[in-house]
Amino acid sequence: MAALGKDISSLSQPFNLKIDVQVTMSDGVALSTDIYMPKDGGPFPALLLRTIYDNQTEKLIEMAKIFVNRGYAVVLQDCRGRCDSDGKWEPYVNEAQDGHDTQEWIGDQDWCDGNIGTFGTSYVGFTQSVTAPLRSKYLKALVPTVSQQDNFGHFYVDGALQLHVAINFINMAGRTMQRGSRNAMNSEEFYRRLPLVSAMDDIVDLPFYREVIKHSTFDEFWKSYSMRYKYEEIESPAYIVSGWYDNLVHEAFKLYKGWSTKSRRSESRNLSKLLIGGWSHSNIGTSEPFGTIGFGESAGMDFAEEQLRWFDRRLKGVQNGIDEEPPINIFVMGDNKFRFENEWPLARTEYTRYYLHSQGEANSLNGNGSLSIVPPQDESPDRYTYDPNNPIYTLGGQIMAIPMTVSGPWDRREVERRDDVLVYTTSILDQDIEVTGPVSLSLHIMSSAEDTDFTGTLIDVYPDDKAIIICEGLLRCRYRNSIEEPSLMEPGTVYELTVDMWETSNVFKSGHQIRLEVSSSNFP
């Protein structure tokens with residue numbers, strides 16, 4: 001039995017509140033849990049959020065108040081080994097069982113009506129998803145926001161380490177977020193430390209980081225808590241949310257595909273939804289400009305209200321029309337508006353090949369590279385020298401916004417002036433061209449190295465020459481055939497590669513140009 005914390009419901013706040021309730025897990029570890037409930041009535045449907053970022057942050061409390069005002073009990077819990085909770089935090093490992101145990105505890109409380117929904121972003125999105133295959137009888141709906149199918153896809157993109165993601169865990173070495181000390185460090189010097197596996201040892205003892213570096217293939221370390229093999233065990237529908245400039249947007253599409261095609265119940269398959277906005281990892285729902293351009297007021301959404309529409313239907317049975325809407329809602333950049341779709345990729349897609357052209361000198365904006373739907377003839381290959389000591393720094397795109405990098409629709413001309421970046425641009429468009437769906441880059445390459453990376457970046461060139469990043473991808477060559485069994489290249493041998501540039505929706509407007517960058521670096 002869990003011991004209840006101090007009850008301060010007699011005070012003047014418009015809700016009942018219990019702080020630091022000790023909820024005991026199946027292995028005996030107690031997790032600190034705060035409970036917000038409406039003043040009157042009950043029992044209530046409950047909304048659960050389990051966080052590593054402190055359940056007493058102002059943003060979470062404000063969200064709890066919004067949900068309580070709509071008749072929900074809101075449960076905010078510190079994950080195992082974080083903030084006020086007991087136990088040892090092992091990133092991701094215990095979240096499935098702890099989440100399931102907490103759902104079972106909530107469902108048995110006399111203030112809960114037996115219906116539970118979950119919400120939260122980033123790591124907190126993952127703490128929701130991994131509980132679904134355990135099928136608590138109380139879990140009726142999830143909203144995993146900017147979350148992932150598994151962590152191999154989070155830390156490695158087609159075999160290339162996302163160094164900014166791995167090193168971000170320096171913020172979370174102990175029970176709390178060490179943001180202040182992280183901000184005091186020289187980011188550029190820190191990211192350049194070698195060898196990677198011991199780069200953090202003199203700053204913090206973080207075994208998880210070392211394990212991430214050691215496990216560079218999709219092995220049991222990643223498979224043990226991956227979702228990709230567990231969709232068949234899921235019975236509760238999910239509303240999956242991300243943004244075109246979220247570093248986990250590719251994972252969101254994987255989650256939606258798994259949930260909507262493999263869940264064991266037709267209700268879970270048919271009712272699950274996907275929402276992709278013109279957002280990054282940290283600004284879901286907002287219309288505030290970020291990057292070089294903004295998408296206008298139409299990019300904004302009352303995200304709390306959208307979640308409440310979902311929970312009202314799933315947990316309260318309110319007929320509010322959300323089930324009658326098509327399952328996919330995407331923000332179409334360029335036109336700058338949301339649009340419903342019935343499937344992904346869109347059934348009406350016309351897959352179109354654009355070909356790379358040059359006279360062998362596509363290097364930089366000053367080169368002779370071009371892009372068109374006309375197949376190439378007898379043209380010289382393009383060449384560049386990649387120096388790992390002089391990397392191309394990340395500028396915009398699908399990345400968590402951290403020191404030394406910026407996410408979103410940024411102008412890439414600074415990058416495109418480098419000779420180790422190949423640039424291919426169409427002629428000026430005489431009509432709008434919409435690109436909605438998965439984007440990929442096919443290359444025939446030859447390298448002097450046994451292994452290297454290849455990057456592709458899709459660019460919308462504005463009439464004033466701004467080169468705005470739309471989507472991007474990269475591939476570490478040893479993983480060209482398999483993420484489980486890598487194979488090195490033979491120097492001087494030609495290989496055909498496919499670089500997955502993820503998904504997007506953008507209208508290249510008349511008067512604009514479509515551009516592709518190709519290189520071997522996107523650091524960090």
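Positions are given from 1 along the sequence.
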(message) Under 6.0 Å between ring centres: does that hold for Phe221 and Phe152?
(response) no

(request) Answer with yes or no after comparing the ring centroid distance for Phe208 and Phe155 against a 6.0 Å cut-off, counting only values under it. (result) yes

(message) Go through it in stages, so that I can follow the logic: the residues are Tyr156 and Phe218, the test is ring-ring contact (aromatic ring centres under 6.0 Å, His included), and I'd like the CA-CA distance, side-chain angles, deciding distance and then a yes or no.
(response) CA-CA 9 Å; Tyr156 288 87; Phe218 186 56; over 10 Å; no

Quick test of your reading of the model: are [X] and [Y] salt-bridged, counting only N-O distances below 4.0 Å?
X	Y	value
Glu434	Arg339	yes
Arg193	Asp202	yes
Glu325	Arg309	yes

(message) Please list all pairs meeting side chain to side chain donor-acceptor pair (under 3.5 Å) that have one or both residues in residues 458-468, counting only residues at least two apart or in different chains.
(response) Asp460-Asn506, Asp460-His512, Asp464-Lys466

(request) Apply the test side-chain hydrogen bond (donor to acceptor under 3.5 Å, both in side chains) to residues Gln162 and His154: give CA-CA distance (whole Å), side-chain angles for both, the deciding distance (0.1 Å), then the verdict. (result) CA-CA 8 Å; Gln162 300 301 283; His154 183 24; over 6 Å; no

(request) For the pair Phe253 and Trp244, name the ring-plane relationship: parallel under 30°, tilted 30 to 60°, perpendicular over 60°. (result) parallel

(request) Could you tell me how the ring of Phe338 sits relative to the ring of Trp279: parallel (under 30°), tilted (30 to 60°) or perpendicular (over 60°)? (result) tilted

(message) List the residues meeting salt bridge (Lys or Arg N to Asp or Glu O under 4.0 Å) with Asp335, not counting sequence neighbours, and say none if there are none.
(response) Lys509

(message) To check you understand the geometry: which heavy-atom pair defines the closest contact between Ser280 and Ser407, and what is its length?
(response) CB-OG, 3.6 Å

(request) State whether a side-chain donor-acceptor pair under 3.5 Å links Arg515 with Thr425. (result) yes

(request) Take Phe119 and Phe67, measure what ring-ring contact (aromatic ring centres under 6.0 Å, His included) needs, and give me the verdict at the end. (result) CA-CA 11 Å; Phe119 69 104; Phe67 291 163; 5.1 Å; yes

